[in-house]
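To start, the structure under review is shown below, and the notes come after it.
What you are looking at is a predicted structure, and each value in this text was computed from that prediction instead of being measured.
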Amino acid sequence: QVQLVESGGGVVQAGDSLRLSCAASGGFFSNYAIGWFRQAPGKEREFVAAINWRGSNTYSADSVKGRFTISRNNTKSTAYLQMNSLKPGDTAIYYCAARDAHYRDNTYYTRLDEYRYWGQGTQVTVSS
């Protein structure tokens, strides 16, 4: 069973950048597809970005497309979310999630219920 730990959150100003990391342990990282989600106060958790196990396919929500980039380094068992041009509306707790993926499966996943493993989250606050 894989354990996930997010890091890299913080308080920044609008227009700044942050890079979130999701470090995995307890499993073979290449066995998992990864997703990033976020939850703002009083709102439901929503999809941000996803990447297949190989790192060859990615997908981002329209709200972050062109500003956020998901990536992964399987040799370091770590996934990343590069966030540029941050806006106050990006303020949320950011979670990474993992689900088992077969080596022939090049799919990314965008629904919360498709993920089995979750990290504890990292807070991102963007001030105007």
Side-chain angles (χ1 to χ4, degrees):
Q1 173 169 328
V2 66
Q3 291 85 44
L4 305 172
V5 178
E6 302 94 336
S7 62
V11 180
V12 297
Q13 293 188 332
D16 285 351
S17 298
L18 279 176
R19 188 177 80 158
L20 305 183
S21 297
C22 173
S25 62
F28 190 53
F29 192 60
S30 296
N31 286 348
Y32 301 96
I34 299 294
W36 283 97
F37 295 79
R38 65 186 182 186
Q39 188 166 17
K43 295 188 177 181
E44 294 186 349
R45 194 171 298 189
E46 65 175 7
F47 168 76
V48 176
I51 190 166
N52 69 334
W53 72 268
R54 194 191 300 266
S56 57
N57 286 339
T58 64
Y59 184 77
S60 300
D62 287 344
S63 59
V64 304
K65 201 162 289 185
R67 299 189 299 124
F68 291 11
T69 302
I70 187 172
S71 62
R72 65 190 295 161
N73 185 326
N74 286 346
T75 62
K76 295 185 176 180
S77 297
T78 303
Y80 305 97
L81 186 67
Q82 178 66 44
M83 306 187 296
N84 298 330
S85 302
L86 282 161
K87 305 175 181 179
D90 295 319
T91 295
I93 299 174
Y94 283 73
Y95 299 89
C96 71
R99 63 157 285 153
D100 299 278
H102 190 271
Y103 76 97
R104 291 181 177 176
D105 178 5
N106 285 318
T107 305
Y108 49 76
Y109 299 88
T110 63
R111 297 202 322 261
L112 275 76
D113 62 1
E114 292 178 311
Y115 288 89
R116 180 177 181 183
Y117 308 103
W118 292 83
Q120 294 300 307
T122 185
Q123 176 71 49
V124 172
T125 303
V126 185
S127 60
S128 57

So how far is it from [X] [atom1] to [Y] [atom2], rounded to the nearest 0.5 Å?
| X | Y | atom1 | atom2 | value |
| --- | --- | --- | --- | --- |
| Ile93 | Gln39 | CD1 | CD | 7.0 Å |
| Leu18 | Asp90 | CG | CG | 10.0 Å |
| Asp105 | Arg54 | CG | CZ | 10.0 Å |
| Ser21 | Tyr80 | OG | OH | 5.5 Å |

Task: Test: Asp62 and Lys65 ion pair at under 4.0 Å - done: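 Yes, this pair counts.
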
TODO: Could you tell me whether Phe37 and Phe47 have their ring centroids closer than 6.0 angstrom?
DONE: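 Between Phe37 and Phe47, the centre distance is under 6.0 Å.
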
May I ask whether [X] and [Y] are part of the same hydrophobic cluster, defined by side-chain heavy atoms of I, L, V, M, F, W, Y residues being less than 4.5 angstrom apart, directly or through others?
| X | Y | result |
| --- | --- | --- |
| Val48 | Val12 | yes |
| Val64 | Tyr108 | no |
| Leu86 | Leu20 | yes |
| Val126 | Met83 | yes |
| Ile70 | Trp53 | no |

Looking at [Y], is its backbone amide N or carbonyl O close enough to the side chain of [X] to form a donor-acceptor pair, meaning the two atoms are under 3.5 Å apart?
| X | Y | answer |
| --- | --- | --- |
| Glu6 | Gly121 | yes |
| Thr78 | Lys76 | yes |
| Arg19 | Gln82 | no |
| Arg72 | Asn52 | yes |

Can you see which heavy atom on [X] is nearest to which on [Y], and at what distance?
| X | Y | result |
| --- | --- | --- |
| Ala79 | Ile34 | CB-CG2, 3.8 Å |
| Ser56 | Asn106 | OG-OD1, 4.3 Å |
| Asn74 | Phe29 | OD1-CD2, 3.2 Å |
| Tyr115 | Ala50 | OH-CB, 3.8 Å |
| Ser127 | Pro88 | C-CG, 4.4 Å |
| Asp113 | Arg111 | OD1-NE, 2.9 Å |

Would you say the side chain of [Y] lies within less than 4.5 Å of the side chain of [X], judging by non-hydrogen atoms?
| X | Y | value |
| --- | --- | --- |
| Val2 | Tyr32 | yes |
| Leu4 | Gln120 | no |
| Tyr59 | Thr110 | yes |
| Cys22 | Trp36 | yes |
| His102 | Asn31 | no |

Task: Over 12 foreign heavy atoms within 6.0 Å of CD, Glu46 - done: yes

Task: Gln3, CD: over 12 other non-hydrogen atoms inside 6.0 angstrom - done: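 Yes - once you tally the heavy atoms of other residues, nucleotides and ligands closer than 6.0 Å, there are more than 12.
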
Open item on the list: Checking Leu112 against Glu44 for the side-chain contact (heavy atoms from CB on, under 4.5 Å) test, could you report, in this order, the C-alpha distance in whole Å, the side-chain angles of both residues, the deciding distance, and whether it holds?
Closed with: CA-CA 11 Å; Leu112 275 76; Glu44 294 186 349; over 6 Å; no

Open item on the list: A cation-pi test, strictly: NZ or CZ of Arg38 under 6.0 Å from the centre of the six-membered ring of Tyr94 and no more than 45 degrees from its axis. Yes or no?
Closed with: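 Not satisfied by the 6.0 Å and 45° rule.
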
- [ ] Report yes or no: is the cationic atom of Arg99 (NZ for Lys, CZ for Arg) closer than 6.0 Å to the six-membered ring centre of Tyr109, at no more than 45° off its axis?
- [x] yes

